[in-house]
There are 2 protein chains.
Amino acid sequence: MTQRHASATIIDVAREAGVSKSAAARVLARSGSASPQTKRKVLEAAERLGYRPNQLAKAMKSGLTHTLGVVLPDIANPFFSAVLRGFTDAARSAGFEVLVSNTDNDPEIESSSIELLAEKRVDGIAIAPVLQEDPRAIARIADEGIPVVLLDRRLPSLAALPLVSADHADATAQAVRALIDTGHTRIALLTEATQSLEELSAIAAGPDDEHFALLRPSAQRVIGYLRALTDAELSADEHLLLRSAYSVDDAQRTVEAFLDSNVTATALHSTDAALTSGAYRALTSRDIAVPDDLAFIGFDDQDWTTLVRPTVSVIDQPRQRLGATAATTLIGAIRGQAPAAHDHLLKASLLMRDSVSSATQA
Amino acid sequence: MTQRHASATIIDVAREAGVSKSAAARVLARSGSASPQTKRKVLEAAERLGYRPNQLAKAMKSGLTHTLGVVLPDIANPFFSAVLRGFTDAARSAGFEVLVSNTDNDPEIESSSIELLAEKRVDGIAIAPVLQEDPRAIARIADEGIPVVLLDRRLPSLAALPLVSADHADATAQAVRALIDTGHTRIALLTEATQSLEELSAIAAGPDDEHFALLRPSAQRVIGYLRALTDAELSADEHLLLRSAYSVDDAQRTVEAFLDSNVTATALHSTDAALTSGAYRALTSRDIAVPDDLAFIGFDDQDWTTLVRPTVSVIDQPRQRLGATAATTLIGAIRGQAPAAHDHLLKASLLMRDSVSSATQA
DNA sequence: ATGAAAGCGCTAACAC
DNA sequence: GTGTTAGCGCTTTCAT
């Protein structure tokens, strides 16, 4: 059976059916008209030959590949793999395939990936951009009119592009509010943000303007923290802002140092997945009784959070929905629809579990 | 700046440079020869116009898209997302892009995905096939000469296709041997396999023949268990084979029922990721002291296994390497190289942690 | 060294 | 209703 490659073309089908190329094309693409006879002959010939339309040729004619590109830092990361899942599902149900790229947060790889996707003529691209100064590859394709949507984060020079992300400030605010509601007033926040408390406080006091919109997710989350405190008439304390790099180990060290210090807090919220793992390790290594000595709310619904005891309360981002929204936004743009909104900020939700006691405490 | 779509073509470049289409083509593809002058003029024109080669057109001519397809049950599953990561990395460094599809273990979706990938003329396809009777879509593309490699599992009717997977039998044997070495003789095995102990024992007693090769991963793992027992002159006990569906909840129920029964065991090994989570939950819910009351070895190096106390020993499959091997095998086949081996069975490794006591026990 | 022209598989006017 | 033809962007003989 092993026949050599080269599947039948529309010409082969036409010959086999004894009709012209265009007659065959019309039947196969169900466009134009054809007599029942022709239709039958063509369909049978196609069946017999195992005809399979060549989408490359179609794309050359139509200018549409029905393929979307998605550029992510690391698809092995649970957050992005869930986003990708949502993205591919939404794409598929709209008749699009998905070309994926990893960047490992390397600007070089990012731009070459984007360039390649553009050469393959994808109809649109979703990008969780590397946080860098000069994302010229992104700017270029956007300039050329290829639909682009930003995922999870925005870059200052790319303010014009639509964004799909979680509402980072609200996410953290939810966690902090929940802690305040259960009686906590000394709430530590583990963050990747590097801005000073003054700087962040100034932005938190203002509206959600451009200044705010251009902050990284980590900084926006701190803003949510500060606003929740302010709403409850609590004041922020520099010593409760624990700074860590995006790394489990660094987060663990940071939290351990905090626990070993004489700064007191009754609750801790960590603002991303890696920080949450690191913080949890620190709590374990220092034998902290959770929630009695310290209440804890993590970030992202990682599977271990319900495997450990006590189970860990978390802020859960709608990961698959983020991906799906990015895909549908892109597809809308491809179809020439005016976007319903420039940005899509999806709300995260708080999953309350045992690492926060429900009882109000002193 | 927002100019309308349609990037410059080679004709535009030729005109801008004042040379013929073919001259421009030769320079841009660095094939054939061209005078230094022509070269310079063309390159400058291309630069000025922001020329970007159209890979669709190239593919139409060459018959090669430099795109690989990969069809997986669920890319949000950590095992497959790691495999995908390895796959895309290897593909990219060989100059290939990757088109992904999820099947959700639905045969319909699988075949339509494969069909679509074939229509897009991918150069090769890696598939972790849905376990079903009649994978005709796979058989068809393989018959047509499109390079195909199977990932993680093989289907009876697809014995001719190359396979890249972990050495499942060896993986479980490693775990069981380690338990035996620390003094255990009553070792329970949590498995998805549904075959009877007799049937499996018969296969375990034989060589790694076709019969063995066509078993599902879960059954191959049981074979490894049986062989490790035999090697240590221990006999298998039906009661120690705990059967569960592929689901955390079912695994938890199964293990709880076992713990509540009067069957005794001093060690437990769970043979895939979901079963491991479920088993761990059961151990927690029944307050089993690990490793003192029961030693435990899980499957797949999930991140929670080092977050819980005691940390959980696991069998770790080389996930990214599986993906990378699939990609390189495929690319080799595309380039017409005879495969180094029909199958690639990669060894898993045992990560010894605290859920097994190092001391030999009675 | 360079240009003209054919063709990859398909679609869409346009005639008949 | 059906066939002829041009052309999407590129590569590649083949002359010149």
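Order of the sequence lines fixes the chain letters, A, B, ..., with proteins taken first and strands second; residue numbering starts at 1 for each chain. Side chains are part of it too, since the values below use all heavy atoms of this structure and drop only hydrogens, waters and symmetry mates.
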ask   = Leu28(A) has an atom CG; how far is it from atom P of dC10(C), in whole Å?
value = 8 Å
inquiry  = Is it the case that over 12 heavy atoms from other parts of the model lie below 6.0 angstrom from the CD atom of Glu108(A)?
reply    = no
key: Short side-chain N/O contact to dT2(C) OP1/OP2 from Ser35(B), under 4.0 Å   = yes
request  = Would you kindly give the CG-to-P distance between Leu64(B) and dG9(C), to the nearest whole Å?
outcome  = 13 Å
remark   = To the nearest angstrom, the CE-P distance between Met60(A) and dG7(D) comes to 14 Å
inquiry  = Check this one for me: any side-chain N or O of Thr38(B) less than 4.0 Å away from OP1 or OP2 of dT2(C)?
reply    = yes
message = For Ile125(A) versus Ile141(A), what's the shortest heavy-atom pair and its separation?
response = CD1-CD1, 3.7 Å
task = Decide whether Arg121(A) and Ser7(B) meet the rule of one side-chain donor and one side-chain acceptor closer than 3.5 Å.
result = yes
Phosphate-side-chain proximity, Thr9(A) and dG9(C), N/O vs OP1/OP2 below 4.0 Å = no
key: Nucleotide dT11(D), atom P - distance to CZ of Arg30(B) in whole Å   = 11 Å
task = Just call it for Ala23(A): base, sugar-phosphate, or nothing, with non-hydrogen atoms closer than 4.0 Å on any strand.
result = sugar-phosphate
request  = May I ask you to verify whether the side chain of Ser22(A) and the base of dT4(D) hold a donor-acceptor pair under 3.5 Å?
outcome  = yes
task = Measure the distance from OH on Tyr51(B) to C1' on dG9(D) and round it to the nearest whole Å.
result = 8 Å
request  = Spell out yes or no: do the side chain of Arg26(A) and the base of dG3(D) have one donor N/O and one acceptor N/O closer than 3.5 Å?
outcome  = yes
message = Could you tell me how far apart Ile11(A) (CD1) and dT4(D) (P) are, to the nearest whole angstrom?
response = 12 Å
note = Ranking Gln37(B) and Ala29(A) by the position along DNA chain C of their nearest nucleotide, the one closer to 5' is Gln37(B)
remark   = Among dG3(D), dT11(C), dG9(D), the one nearest any side-chain atom of Lys61(B) is dG9(D)
ask   = Rounding to a whole Å, what distance do you find between Lys41(A):NZ and dG1(D):C1'?
value = 12 Å
remark   = DNA chain D nearest-nucleotide lookup for Arg121(A) and Lys39(A): closer to the 5′ end is Lys39(A)
inquiry  = It should be established whether Lys58(A) places a side-chain nitrogen or oxygen under 4.0 Å from OP1 or OP2 of nucleotide dT11(C).
reply    = yes
task = For Lys21(A) and for Ser33(A), locate the closest nucleotide of DNA chain D by heavy-atom distance; then report the residue assigned to the nucleotide nearer the 5' terminus.
result = Ser33(A)
inquiry  = Whole angstroms only, please: what is the CG-P distance between Leu56(A) and dC10(D)?
reply    = 14 Å
request  = Report yes if the side chains of Val164(A) and Leu345(A) come closer than 4.5 Å at any heavy-atom pair, otherwise no.
outcome  = no
request  = Describe the nucleic acid contact of Ala34(A) in one word from base, sugar-phosphate, nothing, applying a heavy-atom distance below 4.0 Å.
outcome  = sugar-phosphate
query = Does any non-hydrogen side-chain atom of Leu68(B) lie less than 4.5 Å from one of Ile334(B)?
reply = yes
note = Considering only heavy side-chain atoms of Ile10(A), the closest of dC10(C), dT2(D), dC10(D) is dC10(C)
query = So do the side chains of Arg140(A) and Glu115(A) get within less than 4.5 Å of each other, counting heavy atoms only?
reply = yes
